[in-house]
Amino acid sequence: MAGKIPESFIQDLLARTDLVDLIDARIPLKRSGSNYVCRCPFHNEKTPSFSVNRQKQFYYCFGCGAHGSAIGFLMDYDRLTFPEAVEALADNLGLTVLRDEGGGAPTTGSLQPLYELQEQACRFYQQQLKSHPAARHAVEYLRHRGISGEIAQRFRIGYAPPGSRNLPSNWPLQTLQGCGLVGSRDRGGHHDWFRNRVVFPIRDRRGRIVGFGGRILGEGVPKYLNSPETAIFQKHREVYGLYELLQAIRKPEMIIVVEGYMDVIALAQYGITEAVATLGTATSTDQIGLLFRYTSTLVLCFDGDTAGQAAAWKALDAALPHLREGRHLRFLALPDGHDPDSLVREEGEAAFRERIQSAQMFSEYFFGHLSQGLALASIEGRSSLVKRARPAIQKLPEGIFREMIEQRLSELSGHHQPGEDDRPARRPGLGEQQRAEAGRPPSSLRTFLALLVQHPQLVEYIDSANLNRLAELQPHGDLIRQIVEFLNSHPHATVAGLVEAFRGTEAFAIIAKLAAWDTHVALDHCVGTFADHMKHLTVDRQREGRLQALIQRAQNGQLTNAERDELRYLTLGKDGPFHE
Ligand SMILES: [Zn+2]
């Protein structure tokens with residue numbers, strides 16, 4: 001949808017951002033030699049092994065191996081997507097994200113007035129709740145629900161008065177329409193979208209208001225009304241209350257997914273701040289993916305009636321692509337006639353938490369739901385179960401979790417999937433590979449590449465003849481060429497800039513690892529070591545290649561006199577006799 005962010009803009013951002021300040025604002029850093037250190041935010045530890053290097057603009061954890069640039073840090077720590085991280089960095093610097101306008105998508109610059117007007121509207125509605133004569137119905141409604149002033153303030157609850165136009169007439173109409181705050185009448189004229197409703201601002205992860213939800217006061221339809229979708233509001237991508245939740249708890253152990261705004265607010269009123277709501281639509285795959293960025297456990301909380309259970313199953317289906325080992329999806333069916341709002345008011349926090357604790361696990365709910373109405377004692381029943389379960393299981397990502405669900409299906413049905421036992425053995429995990437690597441001394445190629453990535457200015461020692469030889473190396477010759485070409489065209493690139501230039505390519509992980517890897521080469525010896533490895537990879541390798549070719553020809557009796565001399569020179573040259 002949005003245009004691509006140009007490479008040069010990202011380089012510029014990284015050059016202007018200081019990673020040390022960026023991290024220090026979140027986790028206080030201490031100076032240690034030429035680095036800055038703190039306790040790692042990505043694993044639990046007592047002594048600091050998280051190290052930030054100002055010159056490289058790169059961080060590395062000696063405990064868990066986490067590493068990256070400012071963009072990577074925001075993605076992992078603030079759990080932003082790549083474009084969001086770029087936007088956040090640009091915001092810090094007071095810049096507007098530039099996009100290549102291929103698809104004619106709006107830039108952040110043109111969206112800014114929408115965010116600003118939504119904020120103004122929110123303040124306007126909050127003010128109306130306090131001062132409008134008709135607001136007493138709204139206040140009564142909230143009081144009746146047990147909502148305190150403090151909670152109303154935290155969720156910035158407001159009131160849209162009755163009447164067709166209350167929003168200030170001097171606000172620009174086009175921006176009001178862009179925000180979905182006014183709609184058009186059939187016969188011309190404009191009216192406020194929200195009238196005589198309690199309004200709940202919907203905030204994105206950065207706290208910006210992207211839309212509103214409104215509940216009618218008294219009788220009227222619809223009972224709940226959301227802002228229409230706009231350039232800044234897509235219902236399936238937002239969840240209500242996530243910003244407020246993360247303000248209250250940075251790392252929630254679980255997130256409870258409910259159906260309504262008032263459920264979220266009532267739960268918060270009773271001290272259960274871990275709830276979010278979908279926006280009147282079925283729970284989407286995007287929403288589940290978003291929530292799993294902040295927690296490993298989601299509890300889906302739906303009405304116990306048929307409609308509620310259908311919604312829960314739909315949510316399960318949307319969640320399947322995101323489920324894997326370490327992620328938990330649980331199901332809580334509410335007693336008949338209750339929603340979380342009414343239930344927590346009746347039972348209180350402790351009892352509600354108990355219900356959450358006893359919520360059904362995924363496997364239990366999944367097979368329970370699928371087995372409904374099946375006689376599993378019969379072959380017919382068991383084969384129906386397999387038939388029902390297969391399409392859903394196929395949506396699970398490959399991995400241990402999926403294998404265990406498949407295994408459970410086999411147990412329940414007594415049916416083994418064909419080919420289940422003759423799959424190729426699993427490849428060793430990353431950890432095992434790394435351990436195996438740790439035993440070997442680093443190759444010349446690896447040290448060469450790491451030095452180049454960590455000290456981009458070394459690129460000036462690579463002339464075109466050497467570059468041509470390096471580019472032929474297997475593996476990574478092509479990668480060397482790409483790195484050199486990038487550094488030649490970006491002479492001031494930092495390590496982080498270089499790494500980010502490769503984001504989204506196959507080489508990204510390799511380069512990020514090289515940037516973080518400790519070469520054990522002292523700064524004073526960088527140039528010398530780099531030159532030695534380059535010679536080894538170019539001249540020496542070429543010599544070796546030529547030698548092999550000559551030996552081959554000698555074995556076939558094809559040597560010319562000149563070649564015989566060359567072979568003698570190569571094998572008895574200043575490096576001494578050649579040994580295989
Ligand atoms: Zn760590």
Side-chain angles (χ1 to χ4, degrees), residues 14 17-82 84-85 88-89 92 205 246 249-255 289 291-297 322 324-328 399-400 428-440 442 446 449-450 453-454 494-500 502-503 507-521:
L14 289 169
T17 297
D18 183 21
L19 181 63
V20 174
D21 292 347
L22 183 88
I23 295 179
D24 192 49
R26 290 161 175 81
I27 316 155
L29 292 170
K30 279 204 187 103
R31 214 192 158 103
S32 162
S34 60
N35 290 324
Y36 293 81
V37 298
C38 64
R39 292 215 301 253
C40 178
F42 304 116
H43 82 279
N44 274 327
E45 61 175 2
K46 293 213 172 72
T47 51
S49 45
F50 187 83
S51 160
V52 188
N53 185 297
R54 179 167 265 156
Q55 198 212 341
K56 285 190 195 175
Q57 288 293 308
F58 210 75
Y59 66 89
Y60 181 71
C61 172
F62 292 95
C64 68
H67 58 263
S69 65
I71 294 177
F73 183 79
L74 288 180
M75 290 173 72
D76 290 340
Y77 188 77
D78 287 357
R79 288 124 170 183
L80 303 179
T81 61
F82 176 77
E84 287 168 349
L89 285 182
N92 281 347
R205 275 138 282 161
L246 294 171
I249 319 170
R250 241 204 77 75
K251 287 184 180 172
E253 273 176 31
M254 63 166 173
I255 294 180
L291 295 174
F292 269 134
R293 273 156 61 188
Y294 300 93
T295 189
S296 58
T297 302
H322 293 291
R324 55 168 193 250
E325 48 280 13
R327 284 183 172 180
H328 310 284
I400 299 167
L430 193 60
E432 288 164 57
Q433 263 174 8
Q434 275 169 342
R435 255 171 273 133
E437 273 173 26
R440 273 185 270 132
R446 185 169 188 201
L449 262 169
V453 167
Q454 295 181 23
T494 58
V495 176
L498 172 64
V499 174
E500 286 302 336
F502 285 83
R503 184 179 289 279
F508 176 70
I510 299 173
I511 297 186
K513 249 188 219 163
L514 288 168
W517 183 56
D518 188 355
T519 58
H520 295 287
V521 178

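We count ligands from 1, going down the list as the structure has it; atoms in each ligand are counted the same way. Only a predicted model underlies this, so the values are computations on that prediction, with no experimental measurement involved. Positions are given from 1, in the same order as the sequence printed here.
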Spacing of OG belonging to Ser49 relative to NE2 belonging to His43, to within rounding of 0.5 Å: 4.5 Å

Proximal protein heteroatoms (N, O or S) of the Zn ion (ligand 1), under 2.8 Å: Cys40 SG, His43 ND1, Cys61 SG, Cys64 SG

Plane angle bin for His322 and Phe292 - parallel if under 30°, tilted between 30 and 60°, otherwise perpendicular: tilted

Other residues, nucleotides, ligands: >12 heavy atoms within 6.0 Å of Arg39 CZ: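 Not more than 12 within 6.0 Å, no.
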
More than 12 heavy atoms of other groups within 6.0 Å of Gln55 CD: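 Check fails, neighbour count at 12 or below.
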
Heavy-atom side-chain contact between Gln57 and Asp18 under 4.5 Å: yes

Donor-acceptor under 3.5 Å (Thr295 side chain, Glu253 main chain): yes

